[in-house]
Amino acid sequence: MTDSRTNPSGTPAIPLLISPTDRTVSITVQQRTRVAPATAFRVIAPIDLPSVFHRVGPFPGVRGVANQTEAWDHVGPTRNPQFEDGSQANEQLTEYTEGSIFAYQLTGFTNVLSRLAAGVRGEFNFNPDGDGTLIRWTYEFKPLPGRRPILAGPFAPLWRRYMVAALRRCVQVVEAQQPQR
């Protein structure tokens, strides 16, 4: 059975990829910034994917986004990230709490991930940290049968490098939009 959520306006529930009984592979990275959580959230939630997702190791960057159904500012919108290697995925925003958290799921990969995972749940958290923010980003992979050892083993450190680089660029974008003190 798949979990689902209803957004605050009461629109239909979104079937969630990952249930409480799934054995997933989670990778979390974090970085601090001097800007307030609400500001970091406001910049990162709708960020231009090609500006921060560049090729790292074997993983392609994002070349663009196609078929976005609505603004990326509430539960429900969908889009198709387009990767530099010609592949793509389906993405849907599944959680959105202004200023503190947003989450999404990626399915329908047309690259090597289609042979490793049924999909991914991504989540960004924006937590107060002194005068700034601690941004925590988690990618939770739902492995296909027999693929968990690959995702948890050789794949994980490579993916962590990809995430660290993308989060660093996200923070650079956030801080570039702040007036100098």
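All of these numbers come straight from a predicted model, not from anything done at the bench.
- By the 4.5 Å heavy-atom criterion applied to side chains, His74 and Leu93 are not counted as neighbours.
- For the atom pair CG (Leu167) and CD (Gln31), the distance works out to 5.0 Å, reported to the nearest 0.5 Å.
- Atom OG in Ser87 sits 11.5 Å away from atom CG in Asn80 (nearest 0.5 Å).
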ask   = Should Glu175 and Thr33 be marked as a side-chain hydrogen bond (donor to acceptor under 3.5 Å, both in side chains) after you check the CA-CA gap, both sets of side-chain angles, and the distance that decides it?
value = CA-CA 7 Å; Glu175 291 180 350; Thr33 179; 2.7 Å; yes
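- Inter-residue side-chain proximity for Thr39 and Arg42 is flagged as met; some heavy-atom pair is nearer than 4.5 Å.
- Minimum heavy-atom separation, Leu17 to Leu106: CD2-O, 4.3 Å.
- The main-chain N or O of Tyr104 is never found under 3.5 Å from a side-chain atom of Arg121 such that the two would form a donor-acceptor pair.
- Here the side chain of Asp22 pairs no donor or acceptor atom with the backbone of Thr24 at under 3.5 angstrom.
- Using a 4.5 Å cut-off on side-chain heavy atoms (C-beta onward), Asn127 and Pro37 make no contact.
- For Asn90 and Gln92, the side-chain atoms include no donor-acceptor pair closer than 3.5 Å.
- Glu84 contributes a side-chain N or O that, together with a main-chain N or O of Gly61, makes up a donor-acceptor pair within less than 3.5 Å.
- Listed for the Arg147 side chain is a donor-acceptor partner under 3.5 Å among the backbone atoms of Arg115.
- Using a distance-only test at 3.5 Å, with no hydrogens or angles considered, no donor-acceptor pair links the side chain of Gln88 to the main chain of Gly86.
- When each of Thr133, Val52, Ile135 is paired with Ile44, the side chain to side chain contact (heavy atoms under 4.5 Å, CB included) condition holds for Ile135 and for no other.
- For the atom pair OH (Tyr139) and CZ (Arg160), the distance works out to 14.0 Å, reported to the nearest 0.5 Å.
- Taking CZ from Arg23 and NZ from Lys142, the interatomic distance works out to 13.5 Å, rounded to the nearest 0.5 Å.
- Judged as a ring-ring contact (aromatic ring centres under 6.0 Å, His included), and not counting sequence neighbours, the contacts of Tyr162 are Phe59, Trp159.
- Note that CG of Asn125 and CD of Glu95 are 9.0 Å apart. Values are rounded to the nearest 0.5 Å.
- Note that the OG1 atom of Thr28 and the CD atom of Glu140 stand 9.0 Å from one another [nearest 0.5 Å].
- Leu113 places a side-chain heavy atom less than 4.5 Å from the side chain of Phe155.
- Applying the side chain to side chain donor-acceptor pair (under 3.5 Å) rule to Arg79 yields the partners Glu91; only residues at least two apart in sequence or on another chain are considered.
- Listed by chain and number, the residues in a ring-ring contact (aromatic ring centres under 6.0 Å, His included) with Phe102 are Phe41, Phe124 (sequence neighbours excluded).
- A heavy-atom distance below 4.5 Å is not found between the side chains of Glu123 and Trp137.
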